[in-house]
Amino acid sequence: MPEPTAQDYQLDPELQSSVILTSLEWVKGWGRRNALWPVSFGLACCAMEMMAVAATKYDIDRFGAGVFRASPRQSDVMIVAGTVTHKMAPRVRRLYDQMPDPKYVIAMGACTVGGGPYVKHGYHVVQGVDLVVPVDIYLPGCPPRPEALIDAFRKLQHRISEKRGDTLRFDAVEKNREDQRRKAAGGEAAG
Amino acid sequence: MHTWLDGLIESSSWLQGLPAGLLYLVAMVAAGAFLLIFSAVLAGETVWLERRGAGRMQARIGPNRVGPQGLLQFLADALKLLAKEDIIPSSADKTMFRLAPIIVFAGAFVGFAVIPFGYGIVVADMNVGLFLVLSLTSIEVVGVIMAGWASNSKWAVLGSMREVAQMVSYEMPLGISALAIVVLGGTLNLTDLVVQQSGGVWNWYVFRGPFAFIAFFTFGTAMLASLKRAPFDLPEAESELVAGYHTEYTGFRFAIFFLGEYAGMILFSLLAAILFLGGWDPGFPLPLTEGLLRWVGFLVLMGKVFILLFVMIWIRWSLPRFRIDKVMYLCYKVLLPWSIVCVVGIALQVLLADALPDGVIADWLMGR
Amino acid sequence: MTNESDSQGSEAPPEDPVTLRALALLRKAHPDAVVDAVTTGRHPYIEVTADGLCDACLLLRDHDELLYDCCHLVTGVDRPDDQQIEVVYHLVSYARLPDDEYRKRAEKNDPWVALKVRVPRDKPEVPTVSNVWTGADWHERETYDLVGVIFTGREELRRILLPEDWPGHPLRKDWEFPVEYHGVPIVPPEAQ
Amino acid sequence: MSPRAESTSTGEVHEGQPLVGRDLRTEELVFNMGPQHPATHGVLRVVIKSDGEVVRSLEPHIGNLHRSSEKIGEELPYYQWLPYVDRWDYLAAMNNEHVACMAIERLGGLEVPERAEYIRIIVAEVQRILSHLMAIGVYGLDLGAFTPFLHQFRERERGLDLLDHIAGARLLYHYVRIGGVKRDVSKEWIDELEVFLDAVEKRLPDYNTLLLHNHIFQERTCGIGVIDREVAVRWGVTGPALRAAGVSWDTRRDAPYSIYDRFEFDVPVGPSPIAGVAGDCFARHWLRVREVTESVKIVRQALGQMPEGPVMARVPKSYKPPVGEVYVRGENPRGELATYMVSEGKDRAYRIRCRGPSFSNIAVITEVSEGLLLGDLVAMIGSLDIVLGEVDR
């Protein structure tokens with residue numbers, strides 16, 4: 001991950017030094033990173049660990065991220081917790097589209113990162129949720145432990161403060177995915 | 001406020017030069033702005049209280065990272081909601097969609113204008129203060145049904161339908177329970193009502209006879225229901241209706257709903273404290289000067305409000321939700337008859353006090 | 001091919017009394033329906049014809065000595081070598097509980113009976129049993145969805161697990177991976 | 001669809017005539033509950049046709065979590081396929097593994113060492129306790145009571161830690177293997193387990209105060225969503241939902257697998273003596289609470305009887321059971337999990353079919369939900385305690 005450069009801020013470098021603007025951006029980022037409300041959206045096994053994170057022992061609410069909203073309109077983070085299938089994929093996308101900007105996606109669990117154990121013979125499993133929605137944080141594990149999800153939240157908070165609240169994605173992963181899409185399309189042409 | 005303003009004008013020669021109307025205007029705007037910030041911060045801290053209180057009850061911690069003990073959590077939430085994208089669904093009725101949260105919040109917020117926070121600490125000391133508060137809070141239902149209808153979402157419509165059924169029904173036991181106190185006190189002026197309760201714990205209206213005591217509980221239950229607090233949180237029942245009438249609201253508009261809800265909680269707690277629990281009266285004489293007593297009274301009132309809020313939070317995190325028909329049953333077959341019994345009983349109590357020779361007992365029964 | 005012949009001991013394996021009883025009654029009532037039966041081993045079953053399936057099921061459900069009131073599972077097994085598809089029904093009874101004697105005698109101590117129907121692979125039509133046991137409804141839909149067995153005589157046979165426009169029936173042995181579904185690529189196993 | 005178009009009433013209203021049914025045109029409201037909805041326990045989608053709040057008919061749509069584990073079973077060797085079994089009913093992974101391993105072992109006639117059988121029973125029953133705790137808590141959540149859900153997690157976490165210590169994972173263990181279990185349990189682990197059992201027994205009355213004996217809870221659940229005996233059996237409903245309807249059937253007792261015939265335990269049958277009728281939501285909830293204590297009993301007995309010895313049979317590296325079929329069923333927390341396996345003598349199965357109990361349990365709502373209020377429907381679905389992982393597999 002390269003260090004963020006001035007261009008990433010999409011602001012004139014001179015404006016960057018403006019105290020008021022940066023302070024405003026800082027305040028916005030502070031608010032965003034300390035109030036990450038997740039959608040209560042569980043897909044499969046990982047949802048149990050997501051629930052564990054909200055519950056007694058781990059308590060994500062300490063970081064202000066415990067307000068699980070049932071309506072995507074009122075939430076900031078979508079934790080895709082569990083296997084995304086082809087039947088479910090349009091709904092995940094729709095849910096993502098319903099969320100207001102800025103929105104973040106945590107791909108929780110091996111299945112959402114890249115199909116997990118179902119990647120090879122699981123005909124109905126989407127091979128990574130990033131084929132459907134853009135992902136900010138990849139969290140491997142099957143299922144990841146709750147500590148790992150808390151860590152993912154901390155990382156997300158860190159990234160938000162680093163990028164002043166703008167959504168940031170892994171360009172390399174995006175490119176890789178693009179290649180895969182092209183390969184699949186090529187396979188179709190060949191077949 | 002008026003008397004205080006008049007005194008201020010008289011004492012300052014500089015202010016006397018200015019037109020009185022302008023002065024009143026400025027003063028009122030300032031008071032409004034102050035109240036807005038005051039109620040918003042109070043509502044925010046109530047959210048914090050709720051989350052930390054819930055955490056205690058659920059064997060976890062609750063927000064404690066943002067600010068000392070998580071006290072600034074509400075600020076982060078509010079800032080985030082302010083900076084969120086504002087989505088209005090394309091099929092929504094845009095005007096109504098925009099107007100709804102404002103009406104909901106205004107209904108709860110304007111009520112603060114007539115609430116006396118201490119002796120003389122009141123923006124508008126009205127003769128019909130209680131009446132005004134109760135009628136203003138009923139405006140909320142208009143906003144909610146507008147929100148549900150304009151969102152063009154089925155969950156929202158269902159939520160607002162529930163809300164209307166519930167609010168309109170519970171207005172009755174709420175108003176009638178308050179009426180019992182009006183009969184007892186003989187006035188609708190909130191300051192006067194509190195003044196009549198001073199002098200000792202036994203003078204608080206809740207302790208003046210069995211009917212007033214029952215009225216306190218019917219008022220409290222009806223209050224919970226009109227506030228849509230659990231176990232009456234059907235209009236936004238999360239496990240049934242996703243988020244009820246504000247399902248489609250995002251960002252700042254949702255924040256206003258949220259704020260209006262908590263402002264309503266504070267307003268009703270204030271009202272309950274004033275009507276039944278002696279308002280700013282500490283319950284026993286304090287050896288303090290009058291000026292100091294006034295501010296101590298303010299703190300006492302806030303303490304009572306805090307206790308009432310805590311009880312509401314406690315109830316919310318302990319009980320399962322009612323079903324809509326049970327809610328209606330409770331209103332029409334339990335609370336309404338009991339509140340009517342309270343009014344009749346208190347009227348009889350006042351008549352009895354009239355028949356008695358003047359004295360301490362008669363005054364206690366009479367409520368003044 | 002599927003007959004049970006792998007018992008460890010040299011003596012004759014014990015017969016399953018539940019299947020024997022069901023078989024005897026079935027043979028008496030509907031002699032044409034029964035094709036074949038295996039009454040020993042771990043998985044005894046009765047094979048019936050597709051046409052006689054409904055009669056057999058009604059008998060199994062309603063006869064006072066059988067009372068198989070629940071269809072536990074419907075399975076389709078694709079056998080391309082024989083150009084056949086087997087549909088297997090596992091039936092259990094909650095009305096008649098097994099006695100202790102049964103448990104001691106049977107190799108499987110579980111009182112279910114299995115019915116099998118074999119149909120040609122190119123025309124896999126089996127009459128429905130969803131009007132005999134309502135619970136079979138979803139199982140039949142799933143068997144249709146994944147194996148492609150067509151159940152006749154029932155209300156609309158729709159896919160249940162996969163989307164309506166999914167290509168083919170994945171549990172057929174000759175099913176091929178689609179390349180993509182609605183724009184989302186599926187990398188086939190050979191390509192990985 | 002626009003609610004305005006559907007719920008608008010038109011027509012003139014004449015005096016002296018009843019409002020509904022004569023001049024007021026009413027239409028059915030179609031709700032789409034799920035796949036993302038807090039009360040559908042995952043990705044179930046229910047399309048409800050309702051008359052205002054009253055459900056007229058509904059249709060569940062499943063398959064949003066279909067992960068093709070049956071196909072994978074045909075592609076992978078038995079031992080590689082086992083981890084997928086965990087993911088059927090992800091709240092009862094140990095029970096799934098137990099049943100699947102039994103099927104594979106019976107296919108090849110493998111004998112499991114005595115101690116391994118006991119360990120299997122212990123972990124399966126601990127898993128049942130954890131699963132039922134979760135069901136109890138989440139049911140409170142469905143009815144709007146948050147606190148029991150978070151309280152049960154305190155005990156659940158202790159239990160998860162226990163399984164974590166022996167299996168190395170919190171949720172999906174892959175601990176029960178073909179021919180035995182992965183590793184032996186230690187003396188310390190058993191001590192810890194006893195502490196856990198005491199804690200569960202001590203805490204259960206707390207949950208009952210919050211839910212079972214709560215007046216509002218009883219009003220919400222008693223007589224609601226009644227699945228009577230006949231309907232339950234006809235639809236193939238199993239587990240607590242079947243027993244709540246009054247059928248005294250527990251596979252552990254009536255068709256004992258593994259070594260369940262060595263333990264003394266009660267099989268509670270509905271209706272609950274506290275309140276309600278047979279087959280209602282309350283009976284199902286009460287039954288789960290009772291079964292937790294029964295499981296505690298079984299674990300204690302198993303701990304007392306457990307012999308020393310190996311925990312793994314000799315299993316060839318390439319395990320190729322002979323040609324044949326098996327059908328094995330076991331009692332999972334949610335009902336009867338059954339596996340039908342066909343072997344062709346290869347190292348992988350020819351066909352695997354799994355009967356997830358939730359699959360049949362959720363199918364029944366199409367029949368029994370008519371006339372329920374929307375809130376009751378949530379209570380009904382919650383009381384069936386479905387896990388979509390095994391509905392869709």
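Just so it is clear, the model here is predicted, and its values are computed rather than measured. Chain letters run A, B, ... following the sequence lines, proteins first, then strands; residues in each count from 1.
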Handout entry: Counterpart residues, side chain to side chain contact (heavy atoms under 4.5 Å, CB included), relative to D/P271 (two or more places apart)
Key =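 Side chain to side chain contact (heavy atoms under 4.5 Å, CB included) check on D/P271 returns D/A278.
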Handout entry: Residues forming a salt bridge (Lys or Arg N to Asp or Glu O under 4.0 Å) with D/E53, sequence neighbours excluded
Key =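 With sequence neighbours excluded, D/E53 shows a salt bridge (Lys or Arg N to Asp or Glu O under 4.0 Å) to B/R162, given in chain and number order.
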Practice task
Could you check if a side-chain atom of B/W155 sits within less than 4.5 angstrom of a side-chain atom of D/L374, using non-hydrogen atoms only?
Solution key: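 B/W155 vs D/L374: side chains touch.
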Problem - Shortest non-hydrogen contact between B/R321 and D/G144, atoms and distance - result: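 Nearest pair, atom of B/R321 first, then D/G144: NH2-CA, 3.5 Å.
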Problem - Rounded distance (nearest 0.5 Å) linking atom CG of B/L158 with atom CZ of D/F31 - result: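 Answer for the CG-CZ pair, B/L158 versus D/F31, is 4.0 Å.
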Problem - Contact listing (chain D partner; residues 308-318 of chain B; heavy atom under 4.5 Å) - result: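 Expected list: B/W317, B/S318.
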Exercise for the section: Mind checking the CE-NZ spacing from D/M33 to B/K154? Nearest 0.5 Å is all I need. Expected result: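 Going from CE on D/M33 over to NZ on B/K154, the span is 14.0 Å.
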Handout entry: Counterpart residues, salt bridge (Lys or Arg N to Asp or Glu O under 4.0 Å), relative to B/K228 (two or more places apart)
Key =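 Scan of B/K228 (salt bridge (Lys or Arg N to Asp or Glu O under 4.0 Å), adjacent residues dropped) gives B/E140, B/E163.
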Handout entry: Within 6.0 Å of NZ in B/K94, more than 12 heavy atoms from elsewhere
Key =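 Atom NZ in B/K94 is packed in, count exceeds 12.
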Handout entry: Segment of B/L234 engaging chain D (4.5 angstrom heavy-atom cut-off)
Key =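 Neither part.
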Handout entry: Closest contact, heavy atoms only, D/E219 versus B/K326
Key =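 Heavy atoms of D/E219 and B/K326 come nearest at OE1-CD, 3.2 Å.
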Problem - Over all atoms of both residues, closest heavy-atom pair of D/I216 and B/P231 - result: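 It is CD1-CB, 4.1 Å.
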Practice task
Tell me, for D/I224 versus chain B, whether the close heavy atoms (under 4.5 Å) come from the side chain, the backbone, both or neither.
Solution key: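 For D/I224, the side chain is the part near chain B, not the backbone.
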